[in-house]
2 protein chains.
Amino acid sequence: MGRPREFDVDHALDCALELFWRKGYEGTSLSDLTDAMGITRPSLYATYGNKEELFRKVLDRYDDTCMSFTREALEEPTARAVVVKLLYGYADAQTDPQHAPGCLGTSGALACSDEAEPIRQELIGRRIAGEAALCRRLEQAKLDGDLPPTADPTNLARYVMTFAQGMAVQAASGADREALYQLCDTVLLAWPSH
Amino acid sequence: MGRPREFDVDHALDCALELFWRKGYEGTSLSDLTDAMGITRPSLYATYGNKEELFRKVLDRYDDTCMSFTREALEEPTARAVVVKLLYGYADAQTDPQHAPGCLGTSGALACSDEAEPIRQELIGRRIAGEAALCRRLEQAKLDGDLPPTADPTNLARYVMTFAQGMAVQAASGADREALYQLCDTVLLAWPSH
DNA sequence: CTGTTTATATATCGATCGGTAAAAAACCAG
DNA sequence: CTGGTTTTTTACCGATCGATATATAAACAG
């Protein structure tokens with residue numbers, strides 16, 4: 001009971017996502033957010049907590065939607081197929097014309113004030129978690145005989161994620177999708193084959 | 001004539017550099033700057049202009065000091081030597097314990113408010129200029145027969161810079177120097193014709 | 001209808017943001 | 001010394017920051 005909410009929580013979250021993606025955590029003000037989300041400041045606080053909690057909810061939605069391909073990629077049958085799907089998936093996400101260029105997880109709070117330090121740490125944690133998931137998948141590939149016994153899953157996972165993060169910077173600098181695809185092609189030349 | 005300045009302009013610039021490096025352009029406030037530089041607000045404005053001009057002067061100093069190895073690298077005799085010196089130089093700079101981890105040019109303003117957009121564009125311009133300089137060097141290497149005729153200097157330069165930028169994100173996430181060195185080793189496996 | 005609950009709208013909070021005006025202080029030329 | 005120049009010091013500007021108190025509006029239960 002009570003007065004029904006007049007806006008869609010997830011749709012407003014998507015509007016916040018777009019803003020944070022383009023301007024980063026600190027570059028986005030509450031006035032920016034309420035304008036884009038079409039709600040008032042008290043509604044935002046009542047629904048999402050505060051700016052920091054809103055950003056975390058935005059991150060979760062980002063993972064659930066724009067980054068869902070990463071979990072699908074880990075289910076590919078071979079290590080190479082996993083990495084191919086990951087790299088081209090990142091290239092697509094970072095140059096999707098429907099969103100800001102680049103990656104929210106990379107450019108959201110790479111350097112920030114002390115006040116935003118918890119958000120920076122949150123993003124670091126998510127980057128490390130993603131890298132660890134890929135590392136585990138590559139260890140499994142090694143057991144499968146899908147990667148040579150000399151392969152170093154930790155280093156390979158870091159190699160792939162480093163490239164994805166570099167592509168995010170490239171996309172944020174204006175690189176188009178074709179350029180990123182070419183980069184992915186080049187990266188895959190170094191992928192160990194058995 | 002007139003009252004002599006009581007602080008060292010370049011030393012204060014170094015203090016500002018450290019702050020901008022760690023907190024980014026928008027994450028660093030004027031109070032942060034004056035505290036760290038040991039000067040008052042009017043002194044800062046009289047000497048450096050304003051926050052934006054100060055940041056540009058900091059960028060110039062960053063290039064002249066921490067990034068000087070990039071120009072030396074371009075003078076190496078072979079394309080491979082150029083890239084080796086570039087990549088390990090970036091790895092060193094991004095994990096120098098004397099400074100904040102990462103790269104000022106990458107994390108200074110990757111995503112920001114509209115107000116800081118000129119600074120974001122400035123950084124994009126410098127990234128593109130650096131990539132273009134490497135591209136020209138690789139074109140020369142092709143003429144020297146130092147790279148195979150099939151090599152694509154534009155893509156190779158972008159490949160190297162993408163990796164350097166990815167390493168900056170890795171360093172900002174806590175990766176240590178040894179990890180970055182391993183990444184460089186892996187990258188160089190894909191370099192055409194050793 | 002009345003009472004309760006929840007969401008909205010309005011107005012505002014203290015703190016901090018980047019940026020300056022004005023006066024005092026330290027130098028040099030004469 | 002005095003006059004001119006530059007820097008420093010002190011105090012402050014309007015705007016915006018993230019966050020709220022208060023009051024009104026819209027739903028349901030009885």
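Naming: A, B, ... by sequence-line order, numbering from 1 per chain. Computed from a predicted model, the values in this text were never measured in an experiment.
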Which residue, B:E52 or A:R5, contacts DNA chain C at a nucleotide closer to its 5' end, judged by nearest heavy atom?
A:R5
In whole Å, what is the span from the OH atom of B:Y45 to the C1' atom of C:dG19?
4 Å
Heavy-atom contacts under 4.0 Å between residues 19-32 of chain A and DNA chain D, which residues?
A:T28, A:S29, A:L30, A:S31
Evaluate the salt bridge (charged side-chain N to carboxylate O under 4.0 Å, His left out) criterion for residues B:R127 and B:E131: first the C-alpha distance (whole Å), next the side-chain angles of each, then the deciding distance (0.1 Å), finally the verdict.
CA-CA 6 Å; B:R127 284 196 288 268; B:E131 191 173 300; over 6 Å; no
Which of parallel (below 30°), tilted (30 to 60°) and perpendicular (above 60°) describes A:F20 and A:F55?
perpendicular
Its contact letters, B for base, S for sugar-phosphate only and - for none at protein heavy atoms under 4.0 Å, make nucleotides 23-30 of chain D read --BBBS--
Short N-O contact, B:K23 and A:D114, less than 4.0 angstrom
yes
Take atom OH of B:Y48 and atom P of D:dT8, then tell me their distance rounded to the nearest Å.
10 Å
Rounded to whole angstrom units, what separation is found between the CG atom of B:N50 and the P atom of C:dT20?
8 Å
Nearest-0.5 Å distance, NE2 of residue B:H99 to CZ of residue B:R22
13.5 Å
Between C:dG19, D:dT9, D:dA19, which nucleotide gets closest to the side-chain atoms of B:K51?
C:dG19
B:F7 has its side chain closest, among C:dT10, D:dA19, D:dT8, to D:dT8
